[in-house]
Amino acid sequence: MTLLQVETLLTAAGSRLYGGEAVSQLQHALQAATLAQADGAADSLIVASLLHDLGHVLFEQGDDDLAQGEDDLHQYRILPFLRGLFDDVVLAPIGLHVEAKRYLCWQNTAYRSSLSAASQASLALQGGPMSDIEAADFIARPHAQAALALRRYDDAAKDPTASTPALIHFMPLLHALAGQA
């Protein structure tokens, strides 16, 4: 995959709803990246936040897939396509952001109740809250902290009234990090 293909996918995602939420895939991606940038996150985490759900777009997740009980495993399926562009500092948080949700649900029951209805539905498909053993394994992994931060940006990036910079604002970061794989 090239950066032009990534940009094209994200642009095409502008009209597709994000899995049961009131925002498009592009709005969700831009909001997550904007939240990361506003938080002072590293460039690699901003890029990961922008691209974390690109697998939904590439594999054309339907608006009703969750209701149909389908987990598209987007967090894993996108990684081979991005591996030629980015290294693990970008890719690992993407691959771990679903596990981060499961971890946070294990760690704090209030977190689970704060999830959107769509996130709660996907949680059930993704294995529910972690067990104690799974949680210990997750938190010990490299990039677990970045995945937890990404998860929080992901959770907050569902506001249909949020204002964000356009995709072009983030493209220099993608270009700067691309090719370092």
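Residue numbers run from 1 in the order of the sequence given. Note that these values count all heavy atoms, side chains included, but never hydrogens, waters or copies made by symmetry.
- In this structure, Y103 and A135 approach most closely via the heavy-atom pair CE1-O, 3.6 Å.
- Two residues are said to be in side-chain contact when any heavy atoms from C-beta on lie closer than 4.5 Å; R83 and D88 meet this criterion.
- Rounded to the nearest 0.5 angstrom, L167 CG and T11 OG1 are separated by 5.0 Å.
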**Message:** As a quick check of understanding, evaluate side-chain contact (heavy atoms from CB on, under 4.5 Å) for L148 and L104, giving each step before the final call.
**Reply:** CA-CA 8 Å; L148 290 170; L104 289 167; 3.7 Å; yes
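- In this structure a side-chain-to-backbone donor-acceptor pair under 3.5 Å is missing from S119 to S116.
- Note: F81 CZ to T2 OG1 = 12.5 Å, rounded to the nearest 0.5 Å.
- Looking only at distances, a side-chain donor or acceptor of R151 sits under 3.5 Å from a matching main-chain atom of H97.
- Following chains of ILVMFWY side-chain contacts shorter than 4.5 Å, one can reach I46 starting from L9, so the two form part of one hydrophobic cluster.
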**Request:** Would you check, one step at a time, whether the test side-chain contact (heavy atoms from CB on, under 4.5 Å) holds for M130 with F138?
**Result:** CA-CA 9 Å; M130 289 184 166; F138 169 81; 3.6 Å; yes
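- Judged by distance alone, the side chain of E99 and the main-chain N or O of L96 form no donor-acceptor pair under 3.5 Å.
- How far CG of L26 is from CG of D53: 12.0 Å, rounded to the nearest 0.5 Å.
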**Request:** Check the pair L91 / I78 against side-chain contact (heavy atoms from CB on, under 4.5 Å), numbers first and verdict last.
**Result:** CA-CA 9 Å; L91 299 179; I78 193 60; over 6 Å; no
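- Here the closest non-hydrogen pair linking Q120 and L115 is NE2-O, 3.0 Å.
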**Request:** Decide side-chain contact (heavy atoms from CB on, under 4.5 Å) for Q27 and D159; before the verdict, give the C-alpha distance in whole Å, the side-chain angles of both, and the deciding distance to 0.1 Å.
**Result:** CA-CA 9 Å; Q27 288 172 312; D159 179 356; over 6 Å; no
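- Residues L123 and P129 approach most closely at CD1-N, 4.2 Å, considering heavy atoms.
- Side chain of R102 to backbone of Q126: a donor-acceptor contact under 3.5 angstrom is found.
- Closest heavy-atom contact between L45 and P93: CD1-CB, 4.5 Å.
- Side-chain contact, Q31 with K158: no donor N or O sits under 3.5 Å from an acceptor N or O.
- Inter-residue side-chain proximity for L177 and D87 is flagged as unmet; no heavy-atom pair is nearer than 4.5 Å.
- Taking OG1 of T164 as the reference point, atom CG of L50 lies at 10.0 Å (rounded to 0.5 Å).
- Here the CG-CH2 distance, from D132 to W106, works out to 6.0 Å after rounding to the nearest 0.5 Å.
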Under 3.5 Å, which donor-acceptor pairs link side chains of residues 33-43 to any protein atom two or more places apart or in another chain?
residue: T34; atom: OG1; partner: L30; partner atom: O; Å: 2.7
residue: Q37; atom: OE1; partner: H169; partner atom: NE2; Å: 2.8
residue: D39; atom: OD2; partner: Y153; partner atom: OH; Å: 2.5

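- The shortest side-chain heavy-atom distance between L10 and V6 falls under the 4.5 Å cut-off.
- Annotation for R112 and C105: closest pair CB-SG, 3.8 Å, computed over non-hydrogen atoms.
- In this structure, the side chains of L54 and L82 come closer than 4.5 Å at one or more pairs of heavy atoms.
- In summary, of the residues considered (I94, L79, L174), a side chain to side chain contact (heavy atoms under 4.5 Å, CB included) with F86 occurs for L174 alone.
- Taking the six-membered ring wherever Trp is involved, the centroid distance between the rings of H52 and H28 falls below 6.0 Å.
- Side-chain contact check for F170 versus P165: some heavy-atom pair is nearer than 4.5 Å.
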